[in-house]
Number of protein chains: 2
Amino acid sequence: MKLESRFWLEQGGEKVFGKGPCVLLETVDRLGTLNKAAAELGMSYSKAWSIIKRAEKQLGFLLMERTTGGVDGGGSSLTPEGKQLIKNYRLFCEEADAFLDELYKKYFGDI
Amino acid sequence: MKLESRFWLEQGGEKVFGKGPCVLLETVDRLGTLNKAAAELGMSYSKAWSIIKRAEKQLGFLLMERTTGGVDGGGSSLTPEGKQLIKNYRLFCEEADAFLDELYKKYFGDI
DNA sequence: TTTCGTTATACTTATTTTTAGATAACGTAT
DNA sequence: ATACGTTATCTAAAAATAAGTATAACGAAA
C-alpha cells in the first residue's frame with residue numbers, strides 16, 4: 001500500500017497546469033521539438049499539442065516558442081515564463097512529496 | 001488561479017481508496033443506506049455499489065455492514081475499520097491541504 | 001402470505017474522455 | 001521547384017466511465 005498524490009493549478013474549474021504539461025515541457029526543453037517529445041513520451045503529437053495549447057490558453061501566456069520550416073523543419077523552445085513555471089512546479093512537488101510521505105506514515109503507516 | 005490536489009491509496013498500481021469512496025462512505029454514515037447516499041450524490045446505485053465493492057476487495061476488509069429485509073428494507077452502516085479509515089483520510093487531507101496552501105503561496109503566489 | 005425498500009449482481013446502453021490519423025502551412029537548403 | 005521535418009488543426013475512432021435496467025434475496029410487519 002502506498003500514497004499517490006497529484007497537484008495542479010485550476011482556474012474556473014478548468015485544469016490549467018499539472019504533471020502532464022510539466023513532464024511534456026521538460027522533454028521539449030531537452031529534445032528541442034514537441035514532435036520528438038511526444039514520441040519519447042509515447043503519446044501522439046496531437047495530444048501533446050493539445051496539452052500545451054490548453055495550458056497556454058488558460059494561463060494567458062505562451063509556454064513554448066515555435067518555429068516552422070527550415071532544413072531541420074523547425075522546433076520549439078521554452079519561453080522564460082515556461083521555464084519559470086516548470087521550475088516552480090517541480091520545487092513545489094518536491095517539498096510537497098517530502099511532507100506527504102511523513103504524513104502518510106503518520107496516518108497510514110500500519111496498513 | 002488556485003491549487004487543487006488529490007490523494008489516494010494504491011496497491012499494485014490499482015486505486016484502493018480516495019476521495020470518491022470517502023465522500024460516499026460519509027454519506028452512507030449520515031443517511032443509513034447506500035441507496036439514499038447514491039441518490040444524494042447524484043450517482044447511480046450500481047456505481048455507488050461498485051465503488052464500495054472495489055475498495056473493500058482491495059483493502060481486504062469490509063467498509064460497511066449491510067442488512068436487508070425488515071419493514072424499512074434494510075440499510076448499511078460503517079464498520080469500525082471503515083470509520084477509522086475515513087477519519088484518517090480526512091485528517092490526512094486536512095493537514096495536507098493546510099500545508100499545500102502555504103506551499104502554493106510560496107511558489108505560485110504571484111499568478 | 002403479501003408488501004416494502006433495501007442490498008447484490010449482471011448486463012446493456014449512453015455518455016464522456018482519450019487517442020490516433022489525416023492534411024496543410026512553413027521555410028531553408030539543395 | 002523540391003524535399004524535409006517541423007507546427008497547427010480538424011475529424012473520426014476507440015476506450016474508459018457512468019448510467020440504466022432487470023432480477024433475486026432478504027426479513028419484519030400488516
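Order of the sequence lines fixes the chain letters, A, B, ..., with proteins taken first and strands second; residue numbering starts at 1 for each chain.
- B:Lys57 places its NZ atom 14 Å from the C1' atom of C:dT9, with the value rounded to the nearest Å.
- Look at B:Ser76 and you'll find a side-chain N or O under 4.0 angstrom from OP1 or OP2 of C:dT7.
- Atom pair B:Lys15:NZ and D:dT17:C1' shows a separation of 12 Å (rounding to whole Å applied).
- Residue A:Ser46 is the one, among A:Ser46 and A:Gly69, whose nearest nucleotide of DNA chain C lies closer to the 5' end (criterion: closest heavy atom).
- When heavy atoms are screened at a 4.0 angstrom cut-off, B:Thr33 is found touching the sugar-phosphate backbone but no base atom.
- At the phosphate of D:dA8, OP1 or OP2 sits under 4.0 Å from a side-chain N or O atom of A:Trp49.
- At whole-Å resolution of the value, CE in A:Met64 and P in D:dT6 are 13 Å apart.
- Per the geometry, CG belonging to B:Leu41 stands 11 Å off P belonging to D:dA19, to the nearest Å.
- Annotation: side chain of A:Leu59 is in contact with side chain of A:Leu85 (closest heavy-atom distance under 4.5 Å).
- Note: CG (B:Asp72) to P (C:dT6) measures 8 Å, nearest angstrom.
- In this structure, CG of B:Leu31 is placed 11 Å from P of C:dT6, rounded to the nearest angstrom.
- Of the candidates D:dC10, C:dC26, C:dT7, the closest approach to any side-chain atom of A:Thr68 belongs to C:dC26.
- Distances shorter than 4.0 Å separate some side-chain N or O of A:Lys53 from OP1 or OP2 on D:dT9.
- Between the C1' atom of D:dA8 and the CD atom of A:Glu56 lies a distance of 12 Å, rounded to the nearest Å.
- Close to C:dT6, at under 4.0 Å from its OP1 or OP2, lies a side-chain N or O of B:Asn35.
- Heavy-atom nearest nucleotides on DNA chain D were determined for A:Gly74 and for B:Tyr45, and the one closer to the 5' end corresponds to A:Gly74.
- Screening B:Glu26, B:Lys83, B:Gln84 for a side-chain contact (heavy atoms from CB on, under 4.5 Å) involving B:Leu78 leaves a single residue, B:Lys83.
- Taking only side-chain nitrogens and oxygens, A:Ser44 comes nearer than 4.0 Å to OP1 or OP2 of C:dA20.
- Residue B:Arg54 contributes atom CZ, which lies 17 Å from atom C1' of C:dT9 at whole-angstrom precision.
- In this structure, CZ on B:Arg54 lies 7.0 Å from CD on B:Glu14, to the nearest 0.5 angstrom.
- At a threshold of 4.0 Å, the pair A:Glu4-A:Lys19 does not count as salt-bridged, since none of the basic side-chain nitrogens sits closer than that to a carboxylate oxygen.
- Shown here is B:Glu65, whose CD atom has no more than 12 heavy atoms of other residues, nucleotides or ligands within 6.0 Å.
- Contact check, B:Lys47 against D:dT17: no side-chain N or O comes under 4.0 Å of OP1 or OP2.
- For D:dT6, neither phosphate oxygen OP1 nor OP2 lies less than 4.0 angstrom from any side-chain nitrogen or oxygen of A:Arg66.
- Residue B:Gly42 is classed as a sugar-phosphate contact, given heavy-atom separations below 4.0 Å to backbone atoms only.
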